[in-house]
Amino acid sequence: MKEKITKMFMALLIFLLFTLLAACSNETGSNQDDGDTVTLKVLHNWNGSSANAPEDPMNNPVAEKITEETGVKLDFEYTNGSEVDKLTQVLATGEFPDIYIGPAWGKESEILLEAANEGQLHDLTSYIEEYPRLEEVVKKENMSISLYNNIISKQEGGQFMLHSMYPATETDIEDWLYGLYVNEDIANEVGIDPGSIKTPDDLYNFLKAVKEGEFQASGNLVFPLGAYDNGWPLDITSEMFVPVAGSGSWFIDDEGNARYNFMTEEYEEWILYMRKLMSEGLLDPEVYSHTGTIAREKVSQGRYAVIPNQFPGLWNDTKQGDIEEKYVPLGPLEDFSGDRYRTEFNVQGSQLIAVFAEASEEKLEAFIKLFDYLSSDEGFILTKYGIEGIHYDLVDGEVTAKEEMIEKRNDGTFKNEGVDHYIAFSGLDREDSLGGGPFGHQFDKQFEVKDKFTEIRRNDGIQPITGIDPHSVLQEHPNFEQIEPVTVVMGDVVQQAIHAGSDEEALNIINETRGALVDAGIEEVAAEITKQAQSGTEFMRYRTSN
């Protein structure tokens, strides 16, 4: 009897043990799909990131290969509106993803820094010390001076952010070829060589000739000059008037005297120039009010004779209307000092990456394993070019796209392969130095055309900018809190002035905001930047849009 009871007790004990193990397994399963696979929820906080996303980011050839190598699945959420609003919402509601990816150039990076210093992100210091490839992406020399000074160096008590897509070598610096592009057929019709247009007056006369031609496209009148939603990127035309485009940039002259762009006569001239284009019907009246979808539809229909853009974006949008080969560079236009070819980029990489503190240690370690693998040469090739034998072949040691993948790219289905979608987790950009160039560059006419346009726009080559961004002095200044609320509405003020009924009305609008800036102390900031510049601090004084 005693033996029977003992057996029953042992059986019950074994049953309870298996039950307990099963329960533990289920708890662990909240972070796991099956076996050792961990799913990470990723916020891709860049407006436009979903445009080229695969239909199923968790299940495609590249995603499956990543899971095979790392045991990690990536479940993406994309931002379609304001990146600043999205990050603010996440922090306010506490509905955190596991991983954050976002631009390294905007206000959202400042918000992410605040989150880091308030303990809302995991400290990655110990992992950076252990993994050389993580250490590489946070080195000071692998990011722009302004990013290091304004964001990375201001983290308190640890290293909370990783940085990616900074060019590993000079050959990896990507030139997006920002500028004005023109429909060559229309230029021929009005009898003006696009390369002969250099000055604001040349551009005005060309746009006027286009308007008088009353050209039609898709049954609608062609606008002489257009742009995307919120006028993007019409601001690059201000490079004809000031050394760094934009109302919130700083104009530092050869003697080191600093002036806030919005306060200068030069920027005022640009606003009045744009007002003239708008009032005379040379600029699409909806450029500051239409949606991105409508703007891209106008572009694909050829309803703009001239459009500001970067080359890859323009090529992709015009390709939707099979008119991609009609657009050629206008100019290049002379910059504020009369130079047509000086080109200096703010080379800074593109992404900041962080792990929210709410993510479990298991997920944190899964992310570290993922980033370490994808930032290896093998991982970079996987994210950038896909899988050998499926997406590309190695021909004489060079990555060469397979013909069927070029066909998929032409019919718009290539994005579902997952190639180039997970690139933000692959560390330094090595597209040229490691991969030999963009995917399929040997066969895609886009790259042949880009090479031709590069010869037109970059006679003197390109240079990375040096010196710190004077904006960092503004951010550190005691007057910043009073000045910032004025700068937040400055873009709207510029648009109101461009739409004004007269120059006098435009100037009244501008001067009202200038007065608010003076009251807030902008001139004291200008004096501080001047003092530092004249004392030997190297500031960024010129920058070409890229």
Side-chain angles (χ1 to χ4, degrees), residues 46-55 78 80-81 176-190 194 206-207 210-211 213-237 277-278 281-331 406-416 420-421 438-440 443-450 452-453 456-457 545:
W46 174 55
N47 184 351
S49 59
S50 63
N52 291 312
E55 290 180 3
Y78 304 99
N80 294 313
W176 293 81
L177 283 179
Y178 270 88
L180 296 180
Y181 291 86
V182 59
N183 185 317
E184 192 172 27
D185 290 346
I186 292 178
N188 290 335
E189 285 286 331
V190 299
F206 178 78
L207 297 176
V210 171
K211 185 185 178 191
E214 297 184 340
F215 295 93
Q216 298 271 327
S218 303
N220 295 292
L221 198 63
V222 169
F223 295 107
L225 178 62
Y228 288 76
D229 45 317
N230 206 30
W232 185 86
L234 274 172
D235 221 22
I236 64 174
T237 58
L277 299 188
M278 180 66 82
L282 305 181
L283 178 61
D284 179 358
E286 295 181 335
V287 287
Y288 291 107
S289 59
H290 60 192
T291 65
T293 301
I294 291 175
R296 282 191 289 276
E297 186 178 344
K298 289 176 179 175
V299 172
S300 67
Q301 291 176 344
R303 293 187 60 197
Y304 292 143
V306 178
I307 184 166
N309 205 339
Q310 33 97 336
F311 172 73
L314 180 68
W315 181 272
N316 289 332
D317 291 335
T318 50
K319 192 173 182 179
Q320 306 308 313
D322 200 24
I323 55 173
E324 68 272 22
E325 293 187 51
K326 288 185 179 294
Y327 283 84
V328 299
L330 187 81
I406 296 297
E407 291 173 3
K408 284 193 171 193
R409 202 151 82 168
N410 289 334
D411 67 23
T413 60
F414 182 62
K415 66 180 184 179
N416 291 328
D420 210 23
H421 185 63
F439 185 90
F443 309 109
D444 192 327
K445 189 162 188 181
Q446 173 185 172
F447 299 101
E448 179 187 331
V449 173
K450 184 180 179 184
K452 193 188 305 180
F453 289 179
I456 295 172
R457 289 202 187 281
S545 297

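All values reported here derive from a predicted model rather than from experimental measurement.
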Does Val182 reach the side chain of Ile186, with side-chain heavy atoms less than 4.5 Å apart?
no
Can you see which heavy atom on Gly331 is nearest to which on Ile456, and at what distance?
O-CG2, 4.3 Å
Would you check, one step at a time, whether the test side chain to side chain contact (heavy atoms under 4.5 Å, CB included) holds for Phe311 with Gln446?
CA-CA 9 Å; Phe311 172 73; Gln446 173 185 172; 3.6 Å; yes
Counting only N and O atoms by type, is there a donor-acceptor contact under 3.5 Å from the side chain of Asn230 to the main-chain atoms of Trp232?
no
For residues Tyr228 and Asp317, is any side-chain donor paired with an opposing acceptor at under 3.5 Å?
yes
Should we say atom NZ of Lys319 is surrounded by more than 12 heavy atoms from elsewhere, each under 6.0 Å from it?
yes
Tell me, with the steps shown, if Glu297 and Arg303 meet salt bridge (Lys or Arg N to Asp or Glu O under 4.0 Å).
CA-CA 9 Å; Glu297 186 178 344; Arg303 293 187 60 197; over 6 Å; no
Check against side chain to side chain contact (heavy atoms under 4.5 Å, CB included), Val222 and Lys211
CA-CA 8 Å; Val222 169; Lys211 185 185 178 191; over 6 Å; no
Pairwise distance CZ(Phe453) to CG(Leu177) - rounded to 0.5 angstrom
9.0 Å
When you check the side-chain N and O atoms of Asn309 and Tyr181, is any donor under 3.5 Å from an acceptor?
no
On a heavy-atom basis, the closest approach of Val328 and Pro194 is CG2-CG, 4.3 Å
The test is side-chain hydrogen bond (donor to acceptor under 3.5 Å, both in side chains); show your working for Asp284 and Tyr304 and say whether it passes.
CA-CA 8 Å; Asp284 179 358; Tyr304 292 143; 2.5 Å; yes
Rounded distance (nearest 0.5 Å) linking atom CG of Asn316 with atom CZ of Arg296:
11.0 Å
Checking the side chain of Asp229 only, and the main-chain atoms of His290 only, is there a donor and an acceptor separated by less than 3.5 Å?
no
Test side chain to side chain contact (heavy atoms under 4.5 Å, CB included), reference Leu234, set Leu225, Leu180, Leu277, output is Leu225
Does the distance from a Lys or Arg side-chain N to an Asp or Glu carboxylate O, for Glu324 and Lys445, drop under 4.0 Å?
no
For Ala217 versus Gly302, what's the shortest heavy-atom pair and its separation?
CB-O, 3.5 Å
What pairs of residues pass the side-chain hydrogen bond (donor to acceptor under 3.5 Å, both in side chains) test when at least one of them lies in residues 216-225, not counting sequence neighbours?
none
Please confirm whether the ring centroid of Phe439 lies under 6.0 Å from the ring centroid of His421.
no
Distance in Å, Glu189 CD paired with Glu184 CD, rounded so as to fall on 0.5 Å steps
12.0 Å
Scanning both residues in full, the closest heavy-atom pair of Gly226 with Pro308 reads O-CD, 3.0 Å
Run Glu448 and Phe443 through side chain to side chain contact (heavy atoms under 4.5 Å, CB included) and show every step you take.
CA-CA 9 Å; Glu448 179 187 331; Phe443 309 109; over 6 Å; no
Heavy-atom check, side chain of Asp444 versus side chain of Arg409, under 4.5 Å
yes
State the CG-CZ distance between Asp420 and Phe414, to the nearest 0.5 angstrom.
8.0 Å
Using modelled atom types only, decide if a donor and an acceptor are shared between the side chain of Thr291 and the backbone of Ile294 within a distance under 3.5 Å.
yes
Shortest non-hydrogen contact between Lys415 and Pro54, atoms and distance
O-CB, 3.2 Å
Would you please test Gln301 and Gln320 for side chain to side chain contact (heavy atoms under 4.5 Å, CB included) and show each step?
CA-CA 8 Å; Gln301 291 176 344; Gln320 306 308 313; over 6 Å; no
For the residue pair Val210 and Ala305, what are the closest heavy atoms and their distance?
CG1-CB, 3.7 Å
Could you tell me the separation between the OG atom of Ser300 and the CD1 atom of Ile323, rounded to the nearest 0.5 Å?
6.5 Å
Heavy-atom donor-acceptor pair, Gln310 side chain to Gly313 backbone, under 3.5 Å:
yes
How long is the span from the CG atom in Leu221 to the CD atom in Glu214, to the nearest 0.5 Å?
7.0 Å
